[in-house]
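In this text, all values refer to a predicted model and were calculated from it rather than measured experimentally.
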Amino acid sequence: MVRLKLLFGGALLAAAILGGLVVLGLQALLPGIGGDKAQVERIVHSYLLENPAILREMMEKLQQQENAEAQKAQDSAQAAVPAALPALTTPFASAWAGNPNGDVTVTVFMDYACGYCRASLPGLAELIAKDPNVRVVYREYPVLGEASVTAARFALAAAQAGKFRAFHDALFASGGPSNATISDAIAKAGLDPAATQKLANSDAIAKEIDANHRLGARLAMNGTPAWVVGKQILYGARDYQALADAVAIARKTK
């Protein structure tokens with residue numbers, strides 16, 4: 001819905017620009033109307049009302065251009081994966097799950113304020129439970145505001161304390177990051193609040209978040225969740241079957 005609104009807004013903007021060009025053209029072709037802007041605008045307005053298909057054509061053209069640009073970015077990102085694999089598959093402290101020696105690594109970029117990330121968790125948990133040879137690496141990728149950055153800092157502090165999954169699951173279960181939910185997740189994970197706060201403010205954690213942002217940018221990750229399964233990038237929410245299928249492909253192409 002948001003994308004449709006943006007496209008429609010873009011089409012309207014294009015229509016406005018077209019209208020401005022038409023105004024200039026009419027003023028040049030019809031010197032008699034001179035600087036009568038209101039008269040010209042009425043002509044343009046009437047023309048667009050009589051030819052509304054122009055807006056649809058603009059939206060279709062904008063959609064095509066947007067799709068082409070996105071595909072080009074994703075193709076470039078996919079080509080960058082092999083060189084990025086060491087950074088992708090090396091977890092920060094205990095921010096991983098599954099088999100540490102698994103034959104396929106699933107790297108997931110998440111934000112604690114992301115509803116699509118939350119919706120993907122059951123499928124990811126099912127994959128870990130059903131496939132004993134998968135390793136999951138969690139990358140903190142806060143892109144939805146300062147609360148997300150704070151949550152990511154504390155999640156990485158929990159990882160350094162060896163309790164990443166406990167904190168991660170508790171915070172996602174809370175419904176969203178805030179001072180209250182982060183404090184509650186710290187308590188549920190059995191972490192020491194003062195020690196965790198100190199770790200969360202460390203340079204090492206700030207550098208990890210910055211590195212994840214740079215890595216995500218290289219891989220055209222403009223939102224969350226985003227995944228790298230083996231050497232394949234996936235964008236957006238995924239259920240168990242989609243993840244299992246991606247793992248199967250990764251195994252075949254090793």
Side-chain angles (χ1 to χ4, degrees), residues 87-100 102 105-131 134-216 221-228 234 236-240 243:
L88 284 165
T89 59
T90 302
F92 183 87
S94 66
W96 63 274
N99 184 343
T105 296
V106 176
T107 301
V108 57
F109 290 70
M110 288 190 169
D111 183 310
Y112 288 100
C114 169
Y116 294 108
C117 297
R118 189 175 297 105
S120 298
L121 293 177
L124 184 58
E126 187 174 354
L127 179 71
I128 294 169
K130 288 185 174 180
D131 191 329
V134 160
R135 183 177 72 136
V136 174
V137 172
Y138 300 89
R139 305 237 76 94
E140 294 300 322
Y141 198 60
V143 294
L144 296 175
E146 284 304 313
S148 296
V149 174
T150 300
R153 282 180 168 274
F154 277 96
L156 293 171
Q160 287 186 319
K163 296 185 177 182
F164 175 82
R165 282 293 303 283
F167 178 90
H168 169 90
D169 293 348
L171 187 53
F172 264 122
S174 72
S178 67
N179 289 338
T181 57
I182 289 171
S183 294
D184 186 56
I186 288 171
K188 288 181 177 177
L191 292 160
D192 177 79
T196 305
Q197 177 73 65
K198 184 176 180 179
L199 288 171
N201 292 333
S202 69
D203 289 341
I205 282 177
K207 288 178 181 177
E208 170 67 10
I209 292 173
D210 181 62
N212 287 344
H213 280 150
R214 286 187 279 108
L215 182 58
M221 294 177 176
N222 298 320
T224 52
W227 320 72
V228 179
L234 302 174
R238 290 293 188 275
D239 61 11
Y240 163 73
L243 292 173

Query raised in the report: Can you tell me how far CG of L156 sits from OG1 of T196, rounded to the nearest 0.5 angstrom?
Result: 12.0 Å
Report summary line: The reported gap from CG in D210 to CG in D203 (rounded to nearest 0.5 angstrom) is 11.5 Å
Query raised in the report: Got a sec: does the CG of N179 have more than 12 other heavy atoms crowding it under 6.0 Å?
Result: no
Query raised in the report: Run the side chain to side chain contact (heavy atoms under 4.5 Å, CB included) check on N99 and V134 step by step: do they pass?
Result: CA-CA 6 Å; N99 184 343; V134 160; over 6 Å; no
Report task. Report yes or no: is the cationic atom of K188 (NZ for Lys, CZ for Arg) under 6.0 Å from the centre of the six-membered ring of F167, at an angle within 45° of the ring normal? Result -> no
Query raised in the report: Backbone N or O of A159 within a donor-acceptor pair of the S94 side chain at under 3.5 Å?
Result: yes
Query raised in the report: When you measure from the side chain of T107 to the backbone N and O of L88, does any donor-acceptor pair fall under 3.5 Å?
Result: yes
Query raised in the report: Side chains of F92 and E140: does their closest heavy-atom pair fall under 4.5 Å?
Result: no
Query raised in the report: Taking F109 as the fixed residue, which of Y141, Y116, W227 is the one that meets the ring pair (Phe, Tyr, Trp, His ring centres under 6.0 Å) rule?
Result: Y141
Query raised in the report: Any donor-acceptor pair under 3.5 Å linking the side chain of R118 with the backbone of G175?
Result: yes
Query - Verdict with reasoning, V108 to V137, per side chain to side chain contact (heavy atoms under 4.5 Å, CB included) - result: CA-CA 6 Å; V108 57; V137 172; over 6 Å; no
Query raised in the report: Which class fits the ring pair F164 and Y138: parallel under 30°, tilted 30 to 60°, perpendicular over 60°?
Result: tilted
Report task. Give the C-alpha distance, both sets of side-chain angles, the deciding distance and a yes or no for side chain to side chain contact (heavy atoms under 4.5 Å, CB included) between Y112 and H168. Result -> CA-CA 8 Å; Y112 288 100; H168 169 90; 3.2 Å; yes
Query - Sidechain-backbone polar pair: D239 side chain, G123 backbone, donor-acceptor under 3.5 Å - result: no
Query raised in the report: How far apart are the closest heavy atoms of A206 and R153, and which atoms are they?
Result: CB-NH2, 3.5 Å
Query raised in the report: Just how far is it from atom CG of D192 to atom CD1 of I186, taken to the nearest 0.5 Å?
Result: 9.0 Å
Query raised in the report: Does any N or O in the side chain of D111 come within less than 3.5 Å of the main-chain N or O of L144, such that one atom is a donor and the other an acceptor?
Result: yes
Query raised in the report: Once you round to the nearest 0.5 Å, how far does CG of L234 lie from CG of L243?
Result: 7.5 Å
Requested in this report: With rounding to the nearest 0.5 Å, note down the distance linking OG in S183 to CD in Q197.
Outcome: 9.0 Å
Query raised in the report: So, T181 side chain and S178 main chain: donor-acceptor pair closer than 3.5 Å or not?
Result: yes
Requested in this report: Kindly give the heavy-atom pair with the smallest separation between R165 and A97, and that separation in Å.
Outcome: NH1-CB, 3.2 Å
Query raised in the report: If every non-hydrogen atom of P177 is compared with every non-hydrogen atom of L171, which pair is closest and at what distance?
Result: CA-CD1, 4.3 Å
Query raised in the report: A200 and A157: which non-hydrogen atoms are nearest, and at how many Å?
Result: N-CB, 3.7 Å
Query raised in the report: Looking only at heavy atoms, which two atoms of P91 and A95 are closest? And how far apart?
Result: CB-O, 3.7 Å
Query raised in the report: Could you go step by step and tell me if N212 and R139 meet the side-chain hydrogen bond (donor to acceptor under 3.5 Å, both in side chains) rule?
Result: CA-CA 7 Å; N212 287 344; R139 305 237 76 94; 3.0 Å; yes
Requested in this report: Any chance you could measure Q160, atom CD, to I205, atom CD1, to the nearest 0.5 Å?
Outcome: 4.5 Å
Report task. Report the C-alpha separation of R135 and T89 in whole Å, then their side-chain angles, then the decisive distance to 0.1 Å, and conclude whether the side chain to side chain contact (heavy atoms under 4.5 Å, CB included) test is met. Result -> CA-CA 9 Å; R135 183 177 72 136; T89 59; 3.5 Å; yes
Report summary line: What one should report as the nearest heavy-atom pair of V149 and I209 is O-CD1, 4.3 Å
